Amino acid sequence: MNPKIKDRVETLRLELHRHNHRYFVLDDPEISDAEYDRMMQELIVLESEWPELASPDSPSVRVGSPPLEKFQSVTRTRPMLSLDKGFGEADFISFDQRVKKGLGVNDEIYYTAEPKIDGVAVELVYENGTLVMASTRGDGETGEVVTANVKTIPTVPLVLQQVEDASMPDLLELRGEIFLSKSNFQSLNSDQMSRGLPLFANPRNAAAGSLRQLDSRITSLRPLEIYIYGVGDSESIKAHSHADALMTLKRMGLRVNPLVRPKILSNDVIAYYHEIDQMRDSLPYEIDGIVIKVDSFSYQETLGSTSRRPKWAIAVKFEATQETTRIIDISVQVGRTGAMTPVADLEPVNIAGVSVSRATLHNEDEVFKKDIRIGDRVFVRRAGDVIPEVVKVITSARNGAEKPFQMPKKCPVCDADAVRLHGESVTRCTNIACPAQIKATIRHFASKGAFDIEGLGEKLIDQLVDLKLISSCADIFHLTADSLQKLDRMGPKSADNLIKAIENRKRISFHRFLFGLGIRHVGEHAAKILSGAFQNLSELEKTTGPQLEAIDGIGPVVAASISIFFSQEENRRIIQRLIDGGVTIIYDAPRVFKNKLSGKSFVLTGTLESLSRSQAKTLIEGAGGKVSGSVSRKTDYVVAGESPGSKLEAARELGVPVLNESEFKALVSADT
Ligand code: IVH
């Protein structure tokens with residue numbers, strides 16, 4: 001083999017490891033995502049052409065590997081311990097007293113405190129700086145080996161960085177928590193829902209389910225994250241305290257929670273507990289308390305552990321986000337797409353400081369799967385600003401009087417027929433003029449992430465629609481102070497204020513505009529991606545499904561939904577009426593999505609699985625590239641599908657890079 005190729009592969013690996021660390025751990029990238037993708041792509045192509053160069057610590061393992069039959073188990077010499085649990089200040093104060101007594105000291109001692117993330121505990125083993133094994137906690141002593149899966153997580157370094165003043169330990173056993181952020185949990189569940197798959201009850205279950213996939217390629221699609229919170233054996237790291245050890249681990253490239261508060265005295269621990277409790281809802285991930293650890297390793301050793309728990313640490317939990325109550329009734333709410341959502345009316349219950357009297361039941365299948373009946377005692381969960389949900393029925397509390405729920409055959413608002421299409425889990429009202437749908441669409445349009453129109457809340461929208469002053473979001477921009485006088489309790493002053501608030505929001509950023517339209521499956525995140533990928537609205541309107549799908553972060557469901565939205569006359573009419581009403585879209589600085597392949601020439605050979613040849617051609621041309629019929633030295637890429645012809649051989653001979661279908665898609669999609 002050409003030694004230059006080996007060199008190139010090694011350089012790419014080193015660079016990719018470095019950029020990965022800068023991006024995911026330091027949050028300070030040096031190169032664009034597209035440059036990163038190109039390097040990764042080049043590495044994948046080289047590794048597939050020269051399999052003898054394969055290596056288990058190559059950054060390309062992030063994309064996953066073929067499925068396992070079952071997980072191996074591992075028995076560890078140093079078990080992963082659990083923690084003593086307490087609630088509130090008092091339990092920490094008695095812990096502090098126990099610790100001091102155990103140490104025989106009267107003075108204050110130093111603790112390190114950190115959030116207790118509600119995820120899945122794992123052990124990572126690094127030998128001479130290379131990740132060799134990852135396992136779940138299991139019963140503490142015996143866990144399951146999930147190495148291939150953990151390697152797909154971008155924040156897990158495959159190789160550690162050398163730290164100047166410390167030698168790399170031969171063996172380093174690390175402990176940490178793998179989790180899914182709240183927002184990624186929500187997107188995962190809406191994706192599961194749109195594919196008719198079962199929902200996950202909470203981010204922790206979703207993280208556990210994603211980590212325990214026999215096919216690591218599935219894990220690689222789940223945006224798992226990690227925070228490392230300790231070492232299995234404190235001898236292996238040159239540090240005298242927990243906080244110092246975490247600092248060293250951080251310098252080795254491991255991700256340590258930035259909210260760790262090192263070396264604090266008991267008073268500050270109490271302040272920290274309240275501080276983190278206050279932040280709880282606004283943190284991007286779920287936590288259920290804080291963990292407080294005696295900082296000094298020699299103190300930890302003096303205190304020791306029982307067979308299950310260290311005596312030098314305690315978890316102090318926050319109020320539970322889950323409580324039990326009773327379902328008084330189940331009603332049905334109609335959303336902006338006509339989706340009829342069953343909602344449980346509950347006996348009000350206080351969950352972490354908020355009174356909850358309604359909880360979503362998602363859809364008919366969920367009600368049946370969880371066997372939820374009217375009159376049941378249930379567990380209800382609330383996390384941050386998400387809608388409370390019924391998690392589980394307490395079947396042992398039934399008395400026989402509970403009534404099963406039936407999805408109504410008619411829309412409860414307009415009495416039109418309700419249908420549930422084959423293969424979908426959602427029942428919908430079929431009347432596009434249904435006032436409930438119109439109201440929900442307008443509520444969404446005026447909501448915070450979209451047009452954010454001050455004062456235009458639910459009650460006012462209901463009145464405006466009921467009095468037929470508006471029948472679409474576009475009508476809002478044609479309202480006058482005079483017409484508003486018809487409303488209840490609307491004096492000239494408030495009418496004026498509302499008109500001013502509407503006027504204020506006429507200049508709107510592209511992504512808010514797109515989000516506000518309420519295109520199915522286009523949430524705030526997708527709207528931002530689209531606004532970055534297109535120069536303007538008319539360019540987006542003209543783009544076809546496969547071109548949309550080629551954009552990083554836009555899947556087939558979203559792409560199809562956008563195409564359908566813009567193909568409908570009524571939607572185009574509403575957009576025109578918005579513009580006529582004075583709405584001006586403010587575009588982001590344009591990015592050169594269009595021309596990213598300009599000057600590049602492609603040859604297609606064989607059959608692609610998910611794209612026809614003409615779709616592939618549209619994609620290439622849409623991005624400024626050319627497609628030609630035969631391979632020459634001037635060809636930049638050959639795209640090879642199933643049963644390729646002699647063009648593939650020609651490419652190999654001439655040294656033209658060959659892309660498979662997914663590499664091709666990755667290339668046409670990177671968004672710079
Ligand atoms: S320390 C010997 N620190 O909580 C100390 N645990 O019951 C062992 N957890 O399953 C744990 N965040 O996965 C520690 N910052 C943190 C943590 C943490 C979450 C989990 C851990 C374990 C459970 C303890």
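We use all heavy atoms of the structure for the numbers below, so side chains are in, but hydrogens, waters and symmetry mates are not. Residue numbers run from 1 in the order of the sequence given. Start at 1 and go down the list; that is how both ligands and their atoms are numbered. Note that this is a predicted model, so its numbers are computed, not measured.
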Which residue and non-hydrogen atom of the protein lie closest to [atom], and at what distance in Å?
{"atom": "atom 10 (O) of ligand 1", "answer": "A121 CB, 3.7 Å"}
{"atom": "atom 6 (N) of ligand 1", "answer": "Y229 CZ, 3.5 Å"}
{"atom": "atom 5 (C) of ligand 1", "answer": "L83 CD2, 3.8 Å"}
{"atom": "atom 12 (N) of ligand 1", "answer": "I117 N, 3.3 Å"}
{"atom": "atom 20 (C) of ligand 1", "answer": "E177 OE1, 3.4 Å"}
{"atom": "atom 8 (C) of ligand 1", "answer": "L81 O, 3.8 Å"}

Check: Cut-off 3.5 Å, side chains only: do H274 and E89 have a donor facing an acceptor?
Finding: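 The answer is yes; a qualifying pair exists.
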Is the shortest N/O to N/O distance between [X] and ligand 1 below 3.5 Å?
{"X": "P310", "result": "no"}
{"X": "W312", "result": "no"}
{"X": "R137", "result": "no"}

Next item on the list: Give me the one residue out of E123, E173, E144 that meets salt bridge (charged side-chain N to carboxylate O under 4.0 Å, His left out) with R76.
Entry: E123
Next item on the list: Using a cut-off of 6.0 Å, state whether more than 12 heavy atoms not belonging to M133 lie near its atom CE.
Entry: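 Yes, because the 6.0 Å sphere around CE of M133 holds more than 12 heavy atoms from other groups.
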Item checked: Verdict with reasoning, V256 to E114, per side chain to side chain contact (heavy atoms under 4.5 Å, CB included) -> CA-CA 10 Å; V256 174; E114 46 203 82; over 6 Å; no
Margin query: Within the 4.5 Å heavy-atom criterion, are Y110 and L265 side-chain neighbours or not?
Written below: yes
Next item on the list: Could you check if a side-chain atom of V231 sits within less than 4.5 angstrom of a side-chain atom of L172, using non-hydrogen atoms only?
Entry: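 Side chain of V231 against side chain of L172, heavy atoms only: contact under 4.5 Å found.
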With a 4.0 Å cut-off on heavy atoms, does [X] reach ligand 1?
{"X": "G230", "result": "no"}
{"X": "A315", "result": "no"}
{"X": "R175", "result": "no"}
{"X": "P115", "result": "yes"}

Checklist line | Exam field: side chain K317 to backbone A315, donor-acceptor pair closer than 3.5 Å | finding: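 Flag not set: sc K317 to bb A315 has no pair under 3.5 Å.
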Next item on the list: Would you check, one step at a time, whether the test side chain to side chain contact (heavy atoms under 4.5 Å, CB included) holds for K238 with T248?
Entry: CA-CA 8 Å; K238 278 213 191 91; T248 304; over 6 Å; no
For ligand 1, note which part of [X] has a heavy atom under 4.0 Å away: side chain, backbone, both or neither.
{"X": "K293", "value": "side chain"}
{"X": "E114", "value": "side chain"}
{"X": "V291", "value": "side chain"}

Margin query: In this structure, is the centre-to-centre distance between the rings of Y111 and F92 below 6.0 Å?
Written below: yes
Notebook entry, point to check: F179 vs Y227 aromatic rings, parallel, tilted or perpendicular, using cut-offs 30° and 60°?
Noted result: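 Because their plane-to-plane angle is under 30°, the rings of F179 and Y227 count as parallel.
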